[in-house]
K.L.:
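Below are the C-alpha cells for one structure; questions will follow.
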Amino acid sequence: MGLFTRKKKKFEILAPLTGKAVPVSETPDSVFSGKVLGDGVTILPENGEVVAPVAGKVVNIAHSYHALCIEGDDGAEVLIHLGINTVELKGKGFCCHIKQGDHVQAGQKLMNMDLEFIKEQGYSTASPCIVTNLTDLKNLSLQTGDAKAGETVVVQYEK
C-alpha cells in the first residue's frame with residue numbers, strides 16, 4: 001500500500017542571470033566543463049544583474065566578488081561563478097549587494113557585474129551555475145536556451 005513511503009519532492013533552481021543557458025560542458029574552462037565541481041548550466045549573460053537562484057543562506061562570497069555559494073533551504077548547494085578567471089580582476093567590475101551569512105530569497109538581487117569592463121580586460125563573461133552536492137540529489141534535469149534571471153528554471157531535481 002505504501003503508507004510509509006516518502007514521496008520525492010521536486011525542486012528548482014532559477015537562472016541567476018539573463019542570457020542564454022548552455023550545458024556546463026560547454027564552459028570555456030576545463031574545471032567547469034569537466035564537471036569537477038558539479039553539474040549545472042552556464043549562462044552567457046546579456047546584462048550584469050545577478051540574482052539568487054534559490055532561497056537560502058549565503059555561505060561564501062569570494063573576496064574578489066567573482067563567485068558565491070548559497071546553501072538552499074531545500075539542501076541544494078549552489079555555486080555561481082561570474083565569468084572565467086575573473087578572480088584576477090581582484091573585485092574590479094563587480095558590485096556586491098549582500099554579505100556572507102545573509103538569508104536570500106530566490107530572485108533577490110545579489111550582485112552586479114560590468115560585462116563590458118570584464119570583456120575589455122580580456123575575460124569571458126560565461127557564468128556557471130553549479131549544484132555541488134549532486135550525490136544528495138536525484139533526477140537532475142537541465143534546461144538550456146533563453147533564460148531570464150530569477151524566472152527561468154534552469155535546473156530541476158528531486159530529493
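Nothing here was measured: the structure is a model prediction, and the numbers come from that model.
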K.L.:
Below 4.5 Å, heavy atoms only, C-beta onward: do F11 and V54 meet side chain to side chain?
P.N.:
no
K.L.:
With side-chain contact (heavy atoms from CB on, under 4.5 Å) as the test, would you mind laying out the steps for L17 and M113 before giving the verdict?
P.N.:
CA-CA 10 Å; L17 293 140; M113 59 188 287; 4.3 Å; yes
K.L.:
Looking at every non-hydrogen atom in both residues, tell me the closest pair between P45 and T125 and how far apart they are.
P.N.:
CD-O, 3.3 Å
K.L.:
If two hydrophobic side chains count as joined below 4.5 Å and joins carry through other members, does L115 share a cluster with F117?
P.N.:
yes
K.L.:
Are the side chain of D102 and the backbone of V58 linked by a donor-acceptor contact shorter than 3.5 Å?
P.N.:
no
K.L.:
Under a 4.5 Å side-chain heavy-atom rule over Ile, Leu, Val, Met, Phe, Trp and Tyr, are V131 and L37 clustered together?
P.N.:
no
K.L.:
Output the distance between atom OH (Y123) and atom CG (L82), rounded to the nearest 0.5 Å.
P.N.:
14.5 Å
K.L.:
Check whether any side-chain heavy atom of I13 sits under 4.5 Å from a side-chain heavy atom of C129, and report yes or no.
P.N.:
yes
K.L.:
Mind checking the CG-CD spacing from L134 to E77? Nearest 0.5 Å is all I need.
P.N.:
10.0 Å
K.L.:
Hydrophobic clusters here meaning ILVMFWY residues chained together by side-chain heavy-atom distances under 4.5 Å, can you tell me if L140 and I70 are in one?
P.N.:
yes
K.L.:
Would you mind reporting whether Q156 and K10 have side-chain heavy atoms less than 4.5 Å apart?
P.N.:
no
K.L.:
State yes or no: do I43 and I130 share one hydrophobic cluster built from I, L, V, M, F, W and Y residues joined by side-chain heavy-atom distances below 4.5 Å, directly or via other members?
P.N.:
no
K.L.:
Looking at every heavy atom in both L110 and L68, which two are closest together, and how far apart are they?
P.N.:
CD1-CD1, 4.0 Å
K.L.:
Side chains of Q121 and T86: closer than 4.5 Å at any heavy-atom pair?
P.N.:
no
K.L.:
Quick one: closest heavy-atom pair of M111 and I61, and the distance?
P.N.:
CE-CG2, 4.2 Å
K.L.:
With the side chain counted from C-beta on, respond yes when Q100 and N60 share a heavy-atom pair under 4.5 Å apart, and no when they do not.
P.N.:
yes
K.L.:
How far does NZ of K57 sit from CD of E71, to the nearest 0.5 angstrom?
P.N.:
7.5 Å
K.L.:
When you compare the side chains of N112 and H97, does any donor N or O come within less than 3.5 Å of an acceptor on the partner?
P.N.:
yes
K.L.:
Check whether more than 12 heavy atoms from other residues, nucleotides or ligands sit under 6.0 Å from atom OH of Y65, and answer yes or no.
P.N.:
no
K.L.:
Just say parallel, tilted or perpendicular for the rings of H81 and H66, cut-offs at 30° and 60°.
P.N.:
perpendicular
K.L.:
Check whether any side-chain N or O of N47 sits under 3.5 Å from a backbone N or O of T18 as a donor-acceptor pair, and report yes or no.
P.N.:
no
K.L.:
Please give me the minimum heavy-atom distance between S124 and I118, naming the atom from each residue.
P.N.:
O-CG2, 4.2 Å
K.L.:
Grab the two heavy atoms, one from Y157 and one from A76, that are nearest each other, plus how far apart they are.
P.N.:
OH-CB, 3.1 Å
K.L.:
Kindly indicate, with the supporting measurements, whether the criterion side-chain contact (heavy atoms from CB on, under 4.5 Å) is fulfilled by L142 and V155.
P.N.:
CA-CA 5 Å; L142 306 174; V155 178; 3.7 Å; yes
K.L.:
Got T152 and L14 here, is their nearest side-chain heavy-atom distance under 4.5 Å?
P.N.:
no
K.L.:
Return the minimal non-hydrogen interatomic distance between L79 and A67, and the atom names on each side.
P.N.:
CD1-CB, 4.3 Å
K.L.:
Is there a donor-acceptor contact under 3.5 Å from the side chain of T27 to the main chain of S33?
P.N.:
no
K.L.:
Would you say V153 ends up clustered with V41 if hydrophobic residues are merged whenever their side chains have heavy atoms under 4.5 Å apart, either directly or through other cluster members?
P.N.:
no
K.L.:
Quick check: do T144 and P23 have side-chain heavy atoms less than 4.5 Å from each other?
P.N.:
yes
